[in-house]
Amino acid sequence: VEIGSLAPRGSHEIIMTLHGQGPRGGGRFGQTTPPLVDFLKDILRRYPEGGQILKELIQNAEDAGATEVKFMYDETEYGVESLWSNDMAQYQGTALYVYNDAVFTTEDWNGIQEIARSRKREDPLKVGRFGIGFNSVYHITDVPSIFSGDQIAMLDPHQMLFGVHESGQCWNLKSDIKEITELNDQFAPYFGLLGSSEKTIKDGNFPGTLFRFPLRMKPSQLSNNIYNKEKVLELFESFRVDADTVLLFLKSVQKVSLHVRESDGTERMLFQVTASDSQEDKMEWPNALKTLGQAIDSYSNGVLSSSVTCATYQLSIEVRDETAKETQKTTWLVCNGVGGRGMCGELDSLADDLKFIPTIGIALPLTLIDEDKGATSCVSGRAFCFLPLPLGEESMTGLPVHVSGFFGLTDNRRSIKWREVDQWRDPAALWNELLIVTVIPRAYFTLIMETIRRIQTKKDQDFPLSPRGIYGAWPDPNRIRPRWKPILEPLFNDLLQQPVIYSLNRSWVQVDETIFSDLDSSMDTTETVIKYLQSSGMMLAQVPAYIDAILTIFVTKPGSLRRVTPSFVRQTLRKCRHRGSSNEKLLLLEFILSDACYNDLIGLELLPLQDETFTVFSSSVNDKDAVYIASEEYPRSLYPGLEGRFVLESIAPHVMTSLKEAAKSRGRHSHALIQDTASRIFCVYNLQIIHDAEKSAQQ
């Protein structure tokens, strides 16, 4: 069948619309796809404009193995004399350029034409290679174009520039060089900037990829969104909000910069973010990526493994703001993990169905932890899917670390899918929940243990995190968002079996080896109590309040969680006699009296006497062992020669009050009771009480 035009050449087009009457018997029948413009408009409705557009383009560069990405707003107005058609003139002005240093493959050229299908399905590690996300650029432009390798291509979803039903055109730098040369104005925007030059034309090859997005200057069928310099700079600004974390979990892209080229050709850089590896171990990052790559290959090939493969490396992120002339550098410890095939059958089954890989990344800031605020990390943890998800409640985790994962996302790639009542069996949502309880806890555990190892081994080096600062990496159960709480139990079940507590002796100990102190450092007794317990061989530690709460919740073995209390100190004194100064003994006495458990004083040699010695709190039945507390009415002077049987009068008033309470608790309310030796627990008598009792008996 030959289809031709019914209109004479040069006349106006005739547009015919055919209306169906519905089926009238056998014949062709089936669903059809909407027009390309309508399809793209639906994508734009689901993909709000903003900094996420730039992230999609960074993601494409990451998938291609690029190491650098540049965004440039260009105000240059190019010539309109030698163009493909007069209609192209409107796209020769202001544009947004995006450069990366990777070259399009044949699969990339095919993929960018398959508008409704991401090539991620063929390669799970490609997080969004020219899938629906790329088409968010239509917020900005009507005619995106690509220059990579030896090809220049333009896309026209309106199908009006290159012929009826033609949605684009492609030129080869070698075979089409004659046309490219003749249409000099048409192709001028692709040369003389971002690494493309006259040499590129001579070589017939551009060793990178250059996207050009002419700004939409008037409403079109695709969008009413008009773009100008102000809007592009807003786009840049929204990207800068995430700039310090955008490279955290990427394996290839290490530098992103924002540029402006004025109409006179003056180019200046506004902003740049760079990721670099550890200065001490240049091979740490590449070796980690190699380990992860091997683990991913093993999982994809069905090799069984019962554990999570983890690799940790130190990463520095430097942000340079050329406008403000400021540079900020942040150091991170990043742990990436790959789940083993065989760890969870349900996870493996979903991975095969969804073409997902159970990969996880966790990043801990090493330079932003504030020990003065209880060692809590200053980072408000966010969720990433390789790149940070849009800032908002949906992406906040409540963790003190950032978490990236091969998560199943909503259609617009703005948030993680979760199981809801009406979609309880959603496979991507179930996958996310399984990742949280299987792979993330182990990677998190590895990150904390590796941080401790580095603190230990780099004591004399410039490691930016202090021992107590490690507590800032522990998740706080009161802050973590409900969706992420399943991390806690498997994480702490493993973590609390390891030496993760930093003792006051400056060593790392396990929970069941530690005595935890929450004593107020401003109290006079605290230093003495701690010193005594340490001299007795105890491993003491002080932890922030939320760490103490974690221990209370997750340490369930009886007797494993021990604290510094008056009772504990009394028990220790029975086993290990205090050999310090008299002043220290008095402070210990003050502490062990503070809980008013006077029955528990028996046998402790801490009762201070007026002759500056100490005797044992005794339950002796002999009056010769009695110790007296003098009073104003019955002063010690009335009993010469008995200094060794009176409590030291110069002790602190509140300690004396406690001793009087102790005497009263074993009080002799009548003369008969005073002589009732069977009721004596320890022999400390308040003389005023004795006198009152004797007087009462005489009456």
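Values in this document were obtained by computation on a predicted structure and should not be read as measured data. All values below come from the heavy atoms of this structure, side chains included, with hydrogens, waters and symmetry mates left out.
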Legend entry - By ring-ring contact (aromatic ring centres under 6.0 Å, His included) - contacts of Phe516 (at least two apart): none
Legend entry - side chain to side chain contact (heavy atoms under 4.5 Å, CB included) partners for Ser581, two or more places apart: Asn583, Glu584
Legend entry - Set of residues satisfying side chain to side chain contact (heavy atoms under 4.5 Å, CB included) with respect to Asn478, sequence neighbours excluded: Asp476
Legend entry - Partner set under salt bridge (Lys or Arg N to Asp or Glu O under 4.0 Å) for Glu326, not counting sequence neighbours: none
Legend entry - ring-ring contact (aromatic ring centres under 6.0 Å, His included) against Tyr299, all qualifying residues, sequence neighbours excluded: none
Legend entry - Partners meeting ring-ring contact (aromatic ring centres under 6.0 Å, His included) with Trp474 (sequence neighbours left out): Tyr471, Phe492
Inset, instruction - Please name all residues satisfying salt bridge (Lys or Arg N to Asp or Glu O under 4.0 Å) with Glu605, sequence neighbours left out, ordered by chain then number. - result: Arg577
Using atom types as modelled, flag every donor-acceptor pair under 3.5 Å from a side chain in residues 532-540 to any protein atom, sequence neighbours excluded.
residue: Tyr532; atom: OH; partner: Thr572; partner atom: O; Å: 3.3
residue: Tyr532; atom: OH; partner: Leu573; partner atom: N; Å: 3.3
residue: Tyr532; atom: OH; partner: Cys576; partner atom: O; Å: 2.5
residue: Gln534; atom: NE2; partner: Asn505; partner atom: OD1; Å: 2.7
residue: Ser535; atom: OG; partner: Lys531; partner atom: O; Å: 3.4
residue: Ser535; atom: OG; partner: Tyr532; partner atom: O; Å: 2.6
residue: Ser536; atom: OG; partner: Tyr532; partner atom: O; Å: 2.9

Legend entry - Contacts of type salt bridge (Lys or Arg N to Asp or Glu O under 4.0 Å), residue Glu527, not counting sequence neighbours: none
Legend entry - With Ala596 via side chain to side chain contact (heavy atoms under 4.5 Å, CB included) - residues at least two apart: Tyr598
Inset, instruction - Tell me, please, which residues at least two apart from Phe568 pass ring-ring contact (aromatic ring centres under 6.0 Å, His included). - result: none
Legend entry - Residues that Asp494 engages under side chain to side chain contact (heavy atoms under 4.5 Å, CB included), provided they are two or more places apart: Arg442, Phe445
